[in-house]
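Computed over heavy atoms, backbone and side chain alike; hydrogens, waters and symmetry mates excluded.
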Amino acid sequence: MMTDPIADLLTRIRNAQTAAKISVNVDLAKMKRAVLEVLKEEGYIEGYSMGEVNGKPVIDIKLGYRHGEPVISDIRRVSRPGLRVYRGADDLPTVNGGLGIAVISTSRGVMTDRAARKAEIGGEVVCTVN
């Protein structure tokens, strides 16, 4: 039984990039898909597609590389099941002086910290990506 599916997603991405894999499969979930959509829009992954492996629905993530180096240098889970982290619009974290992103789950969906600040809404800080 998996207790934190988002942490599993981030760990699989981190491990696959360390091993220089082109793609990685994760189990299908709405929240994972929303986080992946933000990563795709920001250019951290090349894309993702839905598929099936042994009759189970999965998401195939195509990882991003530039000049042979992974685009994602650091990806960390902030809010977790044992300690949820919520921030208001004024208190949202900036990652690496604005060069990275924080993925925020808001009442209007999952978005980056910049988009949440612009919309003047806060939410749960899911993870940071650099």
K.L.:
Measure the shortest side-chain to side-chain distance between Thr112 and Val103 over non-hydrogen atoms and say whether it is less than 4.5 angstrom.
P.N.:
no
K.L.:
Show me the donor-acceptor pairs, under 3.5 Å and distance only, between side chains in residues 22-42 and residues at least two apart or in other chains.
P.N.:
{"unit_1": "Lys32", "atom_1": "NZ", "unit_2": "Asp27", "atom_2": "O", "d": "3.4"}
{"unit_1": "Glu37", "atom_1": "OE1", "unit_2": "Tyr48", "atom_2": "OH", "d": "2.5"}
{"unit_1": "Glu42", "atom_1": "OE1", "unit_2": "Arg114", "atom_2": "NH2", "d": "3.0"}

K.L.:
Enter the distance from Tyr44:OH to Gln17:CD here, rounded to the nearest 0.5 Å.
P.N.:
11.5 Å
K.L.:
Would you check if Ser79 and Val126 make a side-chain contact, meaning some heavy-atom pair closer than 4.5 Å?
P.N.:
no
K.L.:
Return the minimal non-hydrogen interatomic distance between Cys127 and Leu10, and the atom names on each side.
P.N.:
CB-CD1, 3.7 Å
K.L.:
Which pairs of donor and acceptor atoms, one on a side chain in residues 82-90, lie under 3.5 Å apart (sequence neighbours left out)?
P.N.:
{"unit_1": "Arg84", "atom_1": "NH1", "unit_2": "Glu124", "atom_2": "OE2", "d": "3.0"}

K.L.:
Rounded to the nearest 0.5 Å, what separates atom CZ in Arg77 from atom CG in Asp8?
P.N.:
11.0 Å
K.L.:
Do you reckon Leu9 sits in the same ILVMFWY cluster as Met50, going by side-chain contacts under 4.5 Å, direct or chained?
P.N.:
yes
K.L.:
Please report the interatomic distance OG1(Thr106) to CD1(Ile121), rounded to the nearest 0.5 Å.
P.N.:
3.5 Å
K.L.:
Let me confirm one number: the CD1-CG distance from Ile75 to Asn130, rounded to the nearest 0.5 Å.
P.N.:
10.5 Å
K.L.:
In Å and rounded to the nearest 0.5 Å, what is the CE to CD1 distance from Met111 to Ile104?
P.N.:
9.5 Å
K.L.:
If hydrophobic clusters are built from ILVMFWY residues whose side chains come within less than 4.5 Å, do Ile45 and Ile59 share one?
P.N.:
yes
K.L.:
If we only count heavy atoms from C-beta on, is the Thr11 to Arg14 side-chain gap below 4.5 Å?
P.N.:
yes
K.L.:
Same cluster or not: are Val125 and Val95 linked, directly or through other Ile, Leu, Val, Met, Phe, Trp or Tyr residues, by side-chain heavy atoms under 4.5 angstrom apart?
P.N.:
no
K.L.:
Tell me which pairs pass salt bridge (charged side-chain N to carboxylate O under 4.0 Å, His left out) where either residue lies in residues 57-71, with sequence neighbours left out.
P.N.:
Glu46-Lys62
K.L.:
Could you give the distance from CD1 (Ile101) to OG1 (Thr128), rounded to the nearest 0.5 Å?
P.N.:
9.0 Å
K.L.:
Is there a side chain to side chain contact (heavy atoms under 4.5 Å, CB included) between Val129 and Asp74? Walk through the geometry before answering.
P.N.:
CA-CA 6 Å; Val129 185; Asp74 185 40; over 6 Å; no
